[in-house]
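Structure record follows, encoded as structure tokens.
In listed order, ligands and their atoms are each counted from 1.
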Amino acid sequence: QAIRENQVSRYASQVSAYPAVRAFLLEMQRNLARTHDVIMDGRDIGTVVLPQADLKIFLTASVEERARRRMLELEERGTPEPYAAILRAIQERDWNDTHRDAAPLRQAEDAVLLGFSQLGSESAWRVGSTRSIEEAAERHGVSLMMLNAYQKQEKQIDAIRSFISYRVDVISFAPIVEDGWDTVLTEAKAAGIPVILVDRLITTEDESLYACFVGADFIKEGRSAGEFLLKKADAMGAKHLNIVEITGTEDSTPQRQRHQGFHDTIAGDERFTVLESISGDFLVSKGEECMRYLLDKYGEDIDVLYSHNDGMTLGAIDAIREYGLSPGSDIIIITVDGEQAAIDLLKAGEINCVVECTPNLGDSVMELAKKLAAGETVPKMSHPDEDVFTEFDDLSDLAPRGY
Ligand code: GZL
């Protein structure tokens, strides 16, 4: 009952204007829900704290009705207060809770509160990306609110809406696919919250819906894969090579652009025929499934596998071995990401080319978030430096990959 005291509710609204307090309480409440069956009551439980709650009940009443009930409650408790004072306190709290960015306590804050929607945990690369964001937030003193969408666009949209209602300083997300973001990003723009796209782009008619993008140049990655194949074909003196392609998540930026960069590079070269291109959704299991299907259909006619990420490549290599062929020699293998497991297979001669796609974007994201929160303008596009590792290189002093 103590938390229902008028004084407590008045100060709760002020103290919770501190982003660090909100971030701490958010994690504490979520941990409770992870370890117990809970019924939680609060203004942002259904939107921010537990957006994935099984059941959400939105109860409201006019400010006058709430003041009347509070007055009766205080009278019953023997601590009566005048109706007018109660009404004013509730109106003030409502205003604070919905206009925090104007709250003097908040403007005194220098900690940036960043809401980040991560698309999922589909690959070792993605896990490395999440780790990079978390560790960089720590290093940069940024209060991070991260929600995992588990490969569902609608969960990313919910997360962005939660960040808007929580009035974070900056929103950032890795869009699982390129289409379908205009509505929710228009809401973020109306709320005056800048948006950073991380790792993947969106398609939109209105470029003002996001402040900037930080992530790979996927066209260049696809071109690097194609350029390796040209060099390899030259080195082999190959007359003709049949290619199969296992692509990433349909309609995602890496899938579209790694495909385009590769095909543009080998286009017109009579030595190459692409037998088939199918999606493995960046998943190890689907990479294996796709390769098994392709081997059943084309068998030993397959000379080259171009796979859009290492996870699918690892699955495909299992299928190639199971079929009785040798990866890296019977079938040339070109892959993207640069996970340790892929580099190890490159050194063992079972992969021929690994195009690097770094997941370590965390520091760039935090620098951009701090600049945007301070009202500075930032470059619209920024790409990290990335490398290509092939069988023609000396890889003996290559540093551990970290993902
Ligand atoms: C690329 C990233 C891709 C990786 C995959 O920047 O979006 O998603 O290549 C990951 O491993 O699943």
- request: Return the set of residues passing ring pair (Phe, Tyr, Trp, His ring centres under 6.0 Å) with Tyr306 (not counting sequence neighbours), or none when no residue passes.
  value: Phe262, His308
field: Pairwise side-chain contact, Met146 with Glu134, heavy-atom cut-off 4.5 Å (strictly under)
entry: yes
query: Residues two or more places apart in sequence or in another chain: which of them pass ring pair (Phe, Tyr, Trp, His ring centres under 6.0 Å) with Phe173?
result: Trp181
statement: The answer, listing residues by chain and number that come under 4.0 Å of ligand 1 through any heavy atom, is Glu122, Ser123, Trp125, Arg126, Asp199, Arg200, Phe218, Pro254, Arg258, Phe282, Asn309, Asp337, Cys357
Ring pair (Phe, Tyr, Trp, His ring centres under 6.0 Å) partners of His263, counting only residues at least two apart: His259
task: Evaluate the criterion side chain to side chain donor-acceptor pair (under 3.5 Å) for residue pair Gln255 and Asp251; output intermediate values, then yes/no.
output: CA-CA 7 Å; Gln255 179 261 339; Asp251 302 330; 5.9 Å; no
- prompt: So how far is it from Glu356 CD to Asp385 CG, rounded to the nearest 0.5 Å?
  reply: 9.0 Å
